[in-house]
Amino acid sequence: MKKEIIIAGFGGQGVLSMGKILAYAGLLEGKEVTWMPAYGPEQRGGTANVTVILSDQRISAPMLQVYDIAVVLNQPSMDKFEPRVKPGGVLIYDSNGMTRKPTRTDINVYCIDATDKASEMGAQKTFNMIVLGGLLKIDPMVAIDKVMLGLKKSLPERHHKLLPANEKAMGIGAEIIRKTA
Amino acid sequence: MEEVKLMKGNEAIAHAAIRYGCDGYFGYPITPQSEVMETLMDEAPWNTTGMVVLQAESEVAAINMVYGGAGCGKRVMTSSSSPGMSLKQEGISYLAGAELPCLLVNVMRGGPGLGTIQPSQADYFQSVKGGGHGDYKLITLAPSSVQEMADFVGKAFELAFKYRNPALILSDGIIGQMMEKVILPPFQPRRTNEEVRKECPWGTMGKTDDRTYNVITSLALEADVMEATNRRLQAKYRQIEENETLFEAINCDDADYVYVAFGSSARLCGDAMEMARRNGVKVGVLRPITLWPFPTKEIERLAKRVKGFMVVELSAGQMVEDVRLAVNGCVPVEFHGRTGGSVPSSEEIWDVTQQKLIKK
């Protein structure tokens, strides 16, 4: 098993932490993991992205040209990464703020309206967990209980009261994600 | 058994330094290595092990604080990224000249000049050919994983004290910023002053009645004295070359073609090697772990058997010169590099390998 994932969006959307939670869950399942952020100046007000690889074997390159799964949360990220999904792979996008729909027909495209849902719930900060819930519905590469354990370990104790809200957000994400192509 | 943790390479360096009983860290922030000092400040080891962590007023000040600490036999370190390492070069030459053990860490970024904050390996020459003045060598370790970032802190201190020589961990923005699994070393207490005196009888820890005073200096105005120092240094360097060369050979035994790459480039070549093998081409990866001493003998040995070498670096071609010296014209040595913070994909590496080396 090897999953090569890019998660990309605006700085501040929780892209890097979503990747970290996913990587942590992979670690807790005994997998090899790498988490490689684009740490450039582009993060400031522009796009942020992180490459996460989960594998049963030693991982060589932590930076990739093509991906099994791309999670794109703004237009620049869709433009950059839609062409780099492997044929037969998965593209997940949030339609909020997008000016065009994905055009590839050789990949599986899913839409998750996580921005709208998060503001409807009055819980904007759980946005990335809604997306993660959707991603894990489409590809259950790690178990939800490992994600929660990973979250618990990476959050300072004073934030542990937020864990139920995050778990709920993942559940909602699993419900609202829908296949569009 | 220590817990498996997920952290950045830079963070692993900091945790490992505390655990290997480091006495003092002196640095100045610069991307992409700032997490080293940030993690040390978060961990506040002055409250636990008594380790000093100090943000100096400049890189030049930091390296000279290292000189002072090392002169007392203390286990001290500094870290920076390329432009900051350039500033430290005078101090590094003095440390090498005065034969002081210490740990230097360079998390390389693209240059020349202020350059970019993106990853690079273009400080190879600076590190292994002497970035400062004079005939000196740095023991240079090139980690290719977060685990090695942690492990090499211990290895570097061990070699530095064994040979009374500065040791450098030469990393880059990829290994520094990437998170991976890591098992940190167990806690070793800092050495007591008694233990430091025993391990470093040359140190300036205060004169005792049983000996004359110790002098730490790189200055010897008389040519014959300075030449004697140089002879001693060179003899030591030959000994290090003889005993301490490290490399990793992946699938080299049956290989027709071999990638030679260090650090993050070796990781990229690992995937290119798998692409080659899927296409029925027997390719291996030789990863120098010590860049100085360089695994010349192993490359010489492989050159008698393989059809060619492909050297991949995040530079315009630096280590490739040492590979060519080792191969000495026996078989072709081709090169692929990207510069200025750009990183080649594994697909690109495999494509270029076919064009330049295999289909030729």
message: Any non-hydrogen side-chain atom of I250(B) less than 4.5 Å from a side-chain atom of R58(A)?
response: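 The answer is yes, as the side chains (C-beta and beyond) meet within the 4.5 Å cut-off.
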
Atom [atom1] of [X] with >12 non-hydrogen neighbours under 6.0 angstrom:
X      : atom1 : answer
K86(A) : NZ    : yes
K2(A)  : NZ    : yes
N47(B) : CG    : yes
Y28(B) : OH    : no

message: What part of E348(B) gets within 4.5 angstrom of chain A, counting heavy atoms only: side chain, backbone, both, or neither?
response: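 Interface part for E348(B): neither.
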
- request: Under 4.5 Å heavy-atom distance to chain A, tell me which part of I349(B) shows up: side chain, backbone, both or neither.
  value: neither

Atom pair CD1/CD of I53(A) and E180(B) - distance to nearest 0.5 Å: 9.0 Å

message: For the CD atom of Q65(A) and the CG atom of D271(B), what is their distance to the nearest 0.5 Å?
response: 12.0 Å

Shortest non-hydrogen contact from [X] toward [Y]:
X       : Y       : value
K31(A)  : K181(B) : O-NZ, 2.9 Å
M178(B) : P62(A)  : SD-CB, 3.3 Å
P37(A)  : Q177(B) : CD-O, 3.5 Å

field: Test: E347(B) and R84(A) ion pair at under 4.0 Å
entry: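 So E347(B) does not pair with R84(A) through a salt bridge.
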
Option in V343(B), T31(B), I174(B), V285(B) with maximal non-hydrogen atom pairs under 4.5 Å from chain A: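 Maximum pair count with chain A is reached by I174(B).
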
message: Within residues 261-269 of chain B, which residues come under 4.5 Å of chain A, heavy atom to heavy atom?
response: R267(B), L268(B)

task: Taking heavy atoms only and a threshold strictly under 4.5 Å, list by residue number the residues of residues 5-12 of chain B that touch chain A; give 'none' if the list is empty.
output: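 Answer by number: K5(B), L6(B), K8(B).
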
Chain B contact via K20(A) - side chain, backbone, both or neither, heavy atoms under 4.5 Å: both

